[in-house]
Amino acid sequence: MSIPQAQHKRLILFAGPHKSASSTVQEFFMRHASDKRKKHPMLRNWTWPYNPRYKRFLPRKGFAPLVVKHDDAELTAGIYGRLKGAWQNATATGGILFGSEEFDRFGPCPWSHRNATHAIHEVLEILQHPKDFTIVVNYRLPRADHWISIWKQLTRTHYVSYRDYICNTEQRQDDVMTWEYLDAVANPLGLAYHFRSNGWNVQLVDMAGVAEAKLDVANVVACEILGVPCDDGWLVSADQQILQNRKSGDPELSETQLHEIEELFLQRDCTYRQLLEHDPNFSVIHKDQLWARCDSLQFDDASRDTTVLLNKLRSQVKCDVAAAAPPDSNREDESAAQRNSQHHNNHGENFNGRGADVGYEHRAPEGELPSQSKMKSPPHVDEQDGSEQSRNDPSNPIMLQRQQHEAHAEFMVLVQQAILSVVTISMLLVLFWRKRSTKKQRIRK
């Protein structure tokens with residue numbers, strides 16, 4: 001694929017979402033384009049700014065705190081500073097690439113109150129609004145696999161059956177968490193449309209098309225989005241890849257149930273077709289199965305309503321209690337024109353004049369900060385980054401298990417630090433005594 005050379009440096013944001021090869025992409029560029037490591041020769045004009053490990057944020061997860069720890073001024077200032085430095089050093093033949101799956105937190109996010117939109121605006125402000133800014137979003141198929149993978153990730157330290165998870169039989173506050181993950185994390189096309197509504201260019205990677213071409217998502221980003229020279233679509237061979245996604249099939253669910261889940265998610269995806277397909281600032285890389293079944297599916301605007309979708313998923317496994325929309329998540333009383341006006345006032349752009357074509361279901365106004373929400377703050381837990389969050393529900397077995405796991409991890413870090421200190425002191429003492437012995441021998445002679 002031929003990529004025209006940019007006339008000015010480019011800013012690329014990788015926005016995940018979770019469980020769609022996001023860790024693989026981050027690790028790839030942290031290893032091959034970091035400004036703290038020897039770069040791949042073809043990525044010499046591109047930089048993935050390196051962030052040192054912070055507690056349990058590994059370097060490849062170094063940009064997650066911009067969303068997860070946005071209230072930590074000292075931590076985020078360091079990350080913004082490294083982005084600014086890399087941007088100032090970038091040339092017109094390249095640019096910088098950064099990202100995290102945490103940038104998939106859009107809309108109200110009533111469980112985590114994370115606000116990726118605010119973080120993106122902060123980055124753009126600090127970099128003085130780059131002319132060439134693109135957001136990359138992965139689209140994982142089958143859609144049911146994406147949803148099942150999210151459930152498994154959230155319950156990995158304390159097994160909860162799919163039915164108990166989706167029905168919320170343990171009466172956990174996870175009911176709101178499930179709604180948020182369904183609304184944002186498992187909604188890549190909603191995420192893409194949200195970014196376009198802010199006036200940002202979006203490139204969607206159809207992971208099914210990438211697999212069909214026998215390619216790798218991280219290499220596709222490097223070769224076809226960054227436009228660096230590659231060998232038949234590969235910059236780094238497959239045997240050098242670090243992380244791989246695991247298959248997300250589940251023995252609890254029958255093929256019929258998985259098919260029904262797939263249909264529900266595809267119906268929602270199809271509602272975004274008319275909003276994105278002909279948008280000149282939205283493109284699809286390796287389009288294969290995206291919207292392929294829309295002509296044979298029945299859907300309407302209600303298919304995009306998260307509460308409706310959650311209740312359909314619950315009825316599928318015969319839950320006793322229906323889901324209710326989280327408090328203040330429904331913004332249908334706000335007119336589309338008002339939303340478009342707010343987009344224009346806050347961001348200086350209005351989706352090429354098409355922002356008022358359709359409203360969001362269960363979407364907070366763009367640019368609204370988490371502190372402005374009227375929702376009660378639930379316990380925070382990061383299911384992939386392992387970030388240190390507050391937990392307010394000690395009776396929750398999942399949260400309790402994670403707390404124990406994290407406490408053990410913290411203890412092991414302290415043990416390692418103590419061992420390192422002892423070794424260092426021992427070495428210094430050995431050197432000291434050797435030097436002293438040598439001095440005594442010289443005196444005797």
Side-chain angles (χ1 to χ4, degrees), residues 11 13-18 22 57 61-80 83 98-127 129 133 135 137 176-188 190-200 202 306 325-331 334 339 342-349 351 355 360-385 387-390 392:
L11 176 65
L13 165 63
F14 175 71
H18 287 77
S22 53
F57 286 105
K61 304 293 185 180
F63 293 102
L66 295 181
V67 180
V68 177
K69 293 279 191 179
H70 61 88
D71 55 348
D72 188 329
E74 182 178 358
L75 174 60
T76 56
I79 299 172
Y80 287 133
L83 276 169
F98 73 105
S100 165
E101 55 273 277
E102 285 300 335
F103 284 98
D104 64 11
R105 306 288 183 159
F106 75 103
C109 291
W111 178 74
S112 69
H113 295 282
R114 295 173 187 173
N115 191 322
T117 308
H118 175 72
I120 295 171
H121 280 294
E122 287 291 317
V123 171
L124 296 178
E125 183 71 24
I126 288 169
L127 302 186
H129 300 281
F133 173 50
I135 302 179
V137 176
V176 182
M177 179 182 72
T178 304
W179 190 96
E180 177 178 316
Y181 272 79
L182 185 61
D183 184 63
V185 177
N187 190 7
L191 180 65
Y193 180 63
H194 171 82
F195 290 149
R196 284 298 303 122
S197 297
N198 279 270
W200 301 323
V202 175
T306 301
D328 206 29
S329 64
N330 194 330
R331 299 287 182 166
E334 182 182 54
R339 281 193 297 272
Q342 185 175 24
H343 292 166
H344 180 77
N345 292 337
N346 288 348
H347 313 310
E349 299 186 63
F351 199 17
Y360 291 142
E361 281 73 31
H362 303 292
R363 286 283 181 271
E366 312 300 332
E368 179 178 294
L369 304 183
S371 60
Q372 294 172 314
S373 175
K374 298 178 182 178
M375 304 174 197
K376 294 181 180 179
S377 178
H380 288 190
V381 61
D382 188 86
E383 77 297 335
Q384 186 166 15
D385 290 339
S387 57
E388 185 178 36
Q389 303 293 327
S390 61
N392 301 321

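The figures that follow rest on heavy atoms only: side chains count, while hydrogens, waters and symmetry mates do not. Source: prediction; values computed, not measured.
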### Query
Per the side chain to side chain contact (heavy atoms under 4.5 Å, CB included) rule, which among R105, K61, R114 passes with V68?
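Among R105, K61, R114, the one that satisfies the side chain to side chain contact (heavy atoms under 4.5 Å, CB included) with V68 is R114.
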### Query
Considering residues at least two apart in sequence or located in another chain, which fulfil the side-chain contact (heavy atoms from CB on, under 4.5 Å) criterion with A186?
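Expected list: W147, I150, F265, R268.
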Once you round to the nearest 0.5 Å, how far does [atom1] of [X] lie from [atom2] of [Y]?
X: T76; Y: K69; atom1: OG1; atom2: NZ; result: 11.5 Å
X: N187; Y: Y193; atom1: CG; atom2: OH; result: 12.5 Å
X: L13; Y: F195; atom1: CG; atom2: CZ; result: 6.5 Å
X: E180; Y: F106; atom1: CD; atom2: CZ; result: 10.5 Å
X: W111; Y: T178; atom1: CH2; atom2: OG1; result: 9.5 Å
X: T306; Y: Y181; atom1: OG1; atom2: OH; result: 15.0 Å

Heavy-atom closest contact ([X] atom, [Y] atom, distance):
X: G62; Y: I79; result: O-CD1, 3.3 Å
X: E101; Y: P17; result: CB-C, 4.0 Å
X: Y80; Y: A119; result: OH-O, 4.1 Å
X: H70; Y: L66; result: CB-O, 3.5 Å
X: V67; Y: E102; result: CG1-O, 3.6 Å
X: P188; Y: V137; result: O-CG1, 3.9 Å

With side chains defined as the heavy atoms from C-beta onward, is the minimum distance between [X] and [Y] less than 4.5 Å?
X: L11; Y: F98; result: yes
X: V123; Y: L83; result: yes
X: W179; Y: P108; result: yes

### Query
Sequence neighbours excluded, which residues qualify as ring pair (Phe, Tyr, Trp, His ring centres under 6.0 Å) partners of F14?
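None.
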### Query
Excluding sequence neighbours, so at least two apart, what forms side-chain hydrogen bond (donor to acceptor under 3.5 Å, both in side chains) with E125?
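In terms of side-chain hydrogen bond (donor to acceptor under 3.5 Å, both in side chains), with neighbours along the sequence ignored, E125 is linked to H129.
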### Query
For the side chain of D104 and the backbone of H18, is there at least one donor-acceptor N/O pair under 3.5 Å apart?
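Between the backbone of H18 and the side chain of D104 there is a qualifying donor-acceptor contact (under 3.5 Å).
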### Query
When you look at I135 and I120, which way does the side-chain contact (heavy atoms from CB on, under 4.5 Å) test go after all the steps?
CA-CA 10 Å; I135 302 179; I120 295 171; 4.3 Å; yes
